[in-house]
Each structure stands twice: as structure tokens, then as C-alpha cells.
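Structure, as C-alpha cells:
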Amino acid sequence: MTTVDELHLALQEICEELQQRDAMIGELEAQLRRKEAIIQDLKQELEKYRVMVKPLTQQVSERIRLVCEAGPSNKGVYNGEENNIDRLNGRSVVDEKQTIDSTRSKRLAISAEPTNADYNAPLKKTPKNALSKELIKHAILDNDFMKNLEPVQIREITDCMYPVEYAQDSLIIKEGEVGSVVFVMEEGKVEVTKEGKFLCSLGPGKVFGELAILYNCTRTATVKAVNDCRLWAIERQCFQTIMMRTGLVRQAEHTDFLKSVPTFRKLNEETLIKIADVLEETTYSKGDYIIRQGAHGDTFFIISKGKVQVTIKVPELEEEKYIRTLYRGDFFGEKALQGEDVRTANIIADDSEGVVCLIIDRESFLQLISNIDEIKQKRYDEEEIIERKKLNEEFVHLKLTDLKVIATIGVGGFGRVELVKVNDDTARTYALKVMKKAQIVETRQQQHILSEKIIMEEANCDFIVKLYRTFKDSKYLYMLMEVCLGGELWTILRDKGNFDDLTTRFYTACVVEAFDYLHARHIIYRDLKPENMLLDIKGYVKLVDFGFAKKLQIGHKTWTFCGTPEYVAPEVILNRGHDISADYWSLGVLMFELLTGMPPFNCADPMKTYNVILKGIDAIDFPRTISRNALALIKKLCRDNPAERLGYQKGGIRDIQKHKWFDGFNWEGLRSRTLTPPIIPQVKDALDISNFDNYPPDMERSPPDDNSGWDYNF
Ligand SMILES: Nc1ncnc2c1ncn2[C@@H]1O[C@H](COP(=O)(O)OP(=O)(O)OP(=O)(O)O)[C@@H](O)[C@H]1O
Ligand SMILES: Nc1nc2c(ncn2[C@@H]2O[C@@H]3COP(=O)(O)O[C@H]3[C@H]2O)c(=O)[nH]1
Ligand SMILES: Nc1nc2c(ncn2[C@@H]2O[C@@H]3COP(=O)(O)O[C@H]3[C@H]2O)c(=O)[nH]1
């Protein structure tokens, strides 16, 4: 071999070595990257853990409290297996409590240990047949320490259990060791001993090994296979992930929900989390009595899904009286916790899809909730409601044929409004609104009409027209109402051109009172205009036409586009969802129209009107006749942003009543109806229709029948 060949060979070797080193460097770099990624993951995990550690501590201590508070049943923990608590740790019952108490404080301490449980990590599930699933579920429900787990947690644990086998005589659990697995026995038999002494034997369908996992202590006993055993097992990490994940998700859901409820929204985050943490969820079927009047009560409820009816038993009336309906976000049950411990009303689940309530016990209620002003000061006007029902009772036996039409006093979208008397009684008259069913269906207003009935029938406010009774036949729906013989405010405005400041103030105040009543009950009116404001014989204004009124769920908005173009708020036009703040906008528009004779946003074409509304109130020229204070109030009511409108802020509708424009206004006099109205209508007697326009007789053909049944509840 020549020197050149030798050199070639050497070079080749060096090249190969270099290549190998390159490969090694590549591999080391890859390893480094992997390790960096692991470090990154661990850091993230640590961060997540830092965030989670507090709720976890709370959750675990809560669960332990649950077990501890299980009271007498604690004693029987292992009674099923010819065993008792005395033998659990070879101690007395009192000692056992101490054991659990000491594990509780221990539990709090261990929550500071790093845990690998990542509640976002996918859980490893092991497919199993339905029989095994049932066996595991029943084993958990049979175990006093685990039966309080939530159904979803039991389901997840069942899914994640994997099969293991132990041969006869093998040791499954050794007393004193650190435990990491919970078992459910599928087949075979085990023997449990403590310090060499026999405690019990367990067969199929039994859980064991749960104590060390639940209370994070070392194994409290030894478990040995008596014969070949087939078991289902779950690792502590997986078990804890399930407990934590469902607990955290539930907690986050409850916190979010509470934040959406105005009553609770104002609380600080810490209190909200504490409340969310102690809420227990319960589902009721339609018709269930959640609370019975007269029973003793220890719990407070918040509705998270569905609706309930409140009824009250009145001594002199046979049946229970319906008082009101409560919806998602509403609460009940506080009275028994504040006063005499006795329930003051019935609460009945009223939703075919079930009612879900979040329940808080007395202790937590007193600690966390009883100080919330809205709950502390909650007063019910049940007597007033019963009075209102009694008013309607006068008309229960009335037949449609008893009503005699005197004249037409109004024409609305669905038909006419007639002045009627009952048989020959001319001393009292009523307004009968007659609506064509076919036309309601054609314009898809069924829901609106049903809601109009419910709201007007219940409303008990001097500034809202009362509905006494409804009738229906195959062609029409009828509403028998209190009549306002002073006529429409619209007619007076038309005749007078416009009103002065003081007159406008009186009528606006009547509307403020009506809105105060409605909004306190989460009802939005949505059709304010002088046409819907009627004068009674004294000259006080009452709202009529509740076709667009709607009871809102607390904290919720509604999206139906409705109202009269000149009066609709920008968010309605923009379909952004609206709530009671839309009524405050229309109040500003009403003030402007009463003071000037014309609404501020007013074009021949509704499309153009909407465009002007979207440009805002600041683009409108205010005539000089409008006083400075009136202008200021209108501008505060007609803010583009609903949240900025006066009436919708912390002070509520009181902010409007306290506005400078109302300075010196006698609100008390208005409420007690002692204040002299600016215009007193001329009304001779109950038959006098001179304040209404003349309406020619209805020449239209009789409408078609509609027996489809949508009006069942009317
Ligand atoms: N209780 C009442 N007392 C006196 N007049 C009434 C009464 N109810 C209604 N009217 C008269 O009938 C008119 C039409 O009534 P209402 O607005 O309730 O009907 P509507 O069909 O819902 O009308 P719209 O098409 O405006 O929605 C009123 O503007 C008023 O003039
Ligand atoms: N300490 C105790 N454990 C029992 C008894 N009967 C069954 N066991 C089970 O034996 C298991 C031993 O491990 P763990 O302490 O994790 O959980 C224990 C229980 O699941 C009993 O009477 N006392
Ligand atoms: N007494 C009364 N309770 C009502 C009314 N509306 C809702 N409720 C609730 O019904 C609940 C019944 O049980 P509680 O007496 O504990 O508390 C009561 C209130 O929370 C009402 O008009 N009157």
C-alpha cells in the first residue's frame, strides 16, 4: 500500500468519524430540544398547578367535610362487611372522627405537593362491556366514601378503569405503603387485615384501596387475594384528574352563571367562587313541589334552568293562588332562612324539560349570601297579588253573551276595541278588545298576544290598564279591560299641538311609575307612544297595549325587532339585543314628542327614520321651547349606549325621578292619586264616548275559523 493510499484510508476514517460525530451532535441537539420541550411543559404544568392549587384545596376540604358531615352513617362505613368503624383503625368512633379530622388537615397540606394531574390532558379510557360498567358503578354507589361523587365523575372513573389480575395469595395492598391505585373487584375474593388481625373479606362488586387515595394517607390495611382475582383498577393521578376536572369545570360554570345574575354580579370574585363552590345542583320534574308552604326550610335556591311557579294557600280560598313565575337567575327560599324557619309559599317546578336549581344550605347562606342587600330587603307584594286575583274573580262566571256593545272606541292592528256593559248595568262599563285569530296567526303574533294576556292579567299598578277576563271562540280572542274614558293622550296632543313643561312632566311621571312597576318585574314594555297612553276619568295616564311587552330572564336580552319606528332604540335597529334600557330611550323620545308635538326622529319613510335614529340625539335640533333641564334629561335618556342611559345605572329608575327636570314634582301625590292632573277630561258618565274618535261600523267580512289550539292558554 502506497503512502497515498494510506493517507486516503486515514482521511476516509476521519471523514466517517466526523460524520458519526455530526450524527451524534444532531442526536444530542434533538435530545436537547426534547428536554427543553419537557422543561417547557413542566413549567406550564407548574403554572397551571399554581392557578389550580387553591380551588383544589377548597374542593378537597369540601369533599372531606361532606364525608365528615355524613353524620351517623359514618359509623356504618364498613358495616356491610360484618365490620364496623371500631375496627376501621382499631379505634373508637371518637377516634375515627379524629382520624378523619387529621386527614383533613393533612389533606390541606398535601395540596401543596406538586401534582402531575393535568385537567386538560385526555383521559385514557378502557373499553368494557355494559355488565362490567354496571358492576363498577354499583360498587362506587355502595361505597360510603365514594357514593357522593357526581354522576359524571362516576361515569368517567368507570370508563378509565383498566383490568388487572392477581393470583391466589398475592399481596394487592400492603398496610403502611403509599397507595396509588383504587380497585373494584370483578371476580374472586380478598381478605383485609390490619396489623395481622383479620378485618373482613370482600367479594365481587366491592371497592377497596380508596382510603389512601381519597385522604392521601398511607394504606390503612393489607389486602390479599384469597383466590385468583380479576379487578378493575384506576391510578390515583387519573382519579384525581377526574375529581379536579369536573369540580373545576362545574365551579367555573357556576361562577359564570352567578356573574350573569344581577343580584350576585356585584359580589367580589372571591365570594363568588366560594358560593360557586358550595352550590349543589338538583333537578326537578314538572309538577314537583320544590318547597311546600308551612314546611320547615334550611335551604336557599337559585334557578339555573327552567321556571317555577310560586303559589300561596289563602285561608278563605279553596285552591292555591298562583302568585308569580320565577325564571333562570331568580332565587327563592330566603324567607325561611331569615325569619321563622317556615316556608311562606309553595314553589312548584313548571318546565317539561326539568328545572335545575343550585342549592345552598343555611350555614353557607348566612355566611355568604344573607347580607346581599337585594336579598336582605326582598319584599313580596303577595297580598296585593291576591287582591288583584280577587278583582278578576268578579268576572269568572261572566259569559261573553252577557257583554253588550255600546260603541267602538278604538281600532287596533288585530281588530276593534268596544265599549261594553254587562247586561243592562249602565253604571259600569268596560273596554273589550276583540282580535281576529286569523290575523294574529298571519302576522305571527301568537306569542306576543299570549304574553300580553299574562302580563296585563297580573299587573296591579294604577298606571297600567287592568285586564279582568279573557274569552275566545273560533274566530276571535277577547280581552275585557278596565276602560279609560278620557281617551288617548295622542288625541289631546293632536288637538293641542304640544304640551308645556309641567303637563309633559305629569304624563312622563305616570309612565315612569308604570316602568318602575314593570322593570322591577323584569318586564320590558317596548311600545311607548301617546297612542298607548290613555286618560282615565281623573286625567291620570295608564299604559295600554302590552302586545310587545315581554318578561325577560334576569340578565338576558331579547332580540325581536318590535316597537313603533319613531320610538325604537338604536340597539333594536342594529339587532344587538335589547332589554329594559330600550324603554328609557323611548321615554326620552316621548318627552320630546309631548313638548314639541313631533318625535325627534321622524321621517315619512321608516327606513330613513332608522337612519336618523342611528345618527343619535346629538344630531337633532332642539327647539328653543324645550327647557334646559328637559333637554338634559332627554339627552341622558337617549344615549346611544344602552348602559349609559339614565334609569339603567346603579341608581335605577330613581335617577330619573331625581333628575333636575322633576325638581319639586310631587311623586307621592302622584302615587296616591291626590295630585291634580294638568288636564281633566270631560266625562259625563260611564257611557260617554265623546273623548274618542268616531269609528265607522266594521264592514269587513267575518274572518275564517281557527281551531288549531295555539290559543289554549288564552
Ligand atoms: N281600556 C281601554 N279604554 C279605552 N280605550 C281603549 C282601551 N284599550 C284600547 N283602547 C283604545 O283602542 C285603541 C287600540 O287598542 P290597542 O292599542 O290595545 O290595540 P292593538 O290592536 O294592540 O293596537 P296596535 O295596532 O296599536 O298595537 C287604543 O289606542 C285606544 O284608543
Ligand atoms: N382500614 C380499613 N380498611 C378497610 C376495611 N375494610 C376494607 N378496607 C379497605 O382496605 C383498604 C386498604 O387500603 P386503603 O387504606 O387505601 O383503603 C382500604 C379500604 O378500601 C376496614 O375495616 N378498615
Ligand atoms: N311569601 C312569598 N314568597 C315568595 C313570593 N314570591 C316568591 N317567593 C319565594 O317563595 C319562597 C317560599 O319559601 P320561603 O318562605 O323560604 O321563601 C319564599 C320566597 O323566596 C311571594 O310573593 N310571597
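Owing to the predicted nature of the structure, the values given are computational and were not obtained by experimental measurement. Indexing begins at 1, ligand by ligand and atom by atom, following the structure's order.
In terms of protein heavy-atom proximity, atom 11 (C) of ligand 3 is closest to G333 N, 3.7 Å. Given atom 1 (N) of ligand 1, the protein heavy atom at minimum distance is E482 O, 2.7 Å. Protein heavy atom at the shortest distance from atom 5 (C) of ligand 3 is Y380 CD2, 3.2 Å. In terms of protein heavy-atom proximity, atom 20 (O) of ligand 3 is closest to E334 OE1, 2.6 Å.
Distances below 4.0 Å separate heavy atoms of V465 from the following atoms of ligand 1: 1 (N). The contact set between ligand 1 and F692, taken as ligand atoms under 4.0 Å from a residue heavy atom, comprises 4 (C), 5 (N). Taking every heavy atom of V483 and a limit of under 4.0 angstrom, the matching atoms of ligand 1 come to 1 (N), 3 (N), 4 (C).
E442 meets the salt bridge (Lys or Arg N to Asp or Glu O under 4.0 Å) test with no other residue; sequence neighbours excluded.
By the 4.0 Å heavy-atom criterion, G297 is excluded from the residues contacting ligand 3. Ligand 1 lies out of reach of F548, whose nearest heavy atom is not under 4.0 Å from it.
Under 4.0 angstrom from ligand 2, the non-hydrogen atoms of L199 all belong to its side chain. Proximity of N532 to ligand 1, defined as any heavy-atom pair under 4.0 Å, is confined to the side chain (atoms from C-beta onward). Looking at E175 against ligand 2, nothing comes within 4.0 Å, counting heavy atoms. Neither the backbone nor the side chain of M435 has any atom closer than 4.0 Å to an atom of ligand 1 (non-hydrogen atoms only).
Polar contact check, E488 against ligand 1: a nitrogen or oxygen pair lies under 3.5 Å apart. Looking at ligand 2, you'll find an N or O of E210 within less than 3.5 Å of one of its N or O atoms. Every N/O-N/O distance between K194 and ligand 2 stays at or above 3.5 Å. Residue L202 has no nitrogen or oxygen atom sitting less than 3.5 Å from a nitrogen or oxygen atom of ligand 2, judged on distance alone.
When the heavy-atom distances from atom 6 (N) of ligand 2 to C200, G176, G179, A212 are ranked, the shortest goes to C200. Between the choices T564, I449, D693, L534, the shortest heavy-atom distance to atom 6 (C) of ligand 1 belongs to L534.
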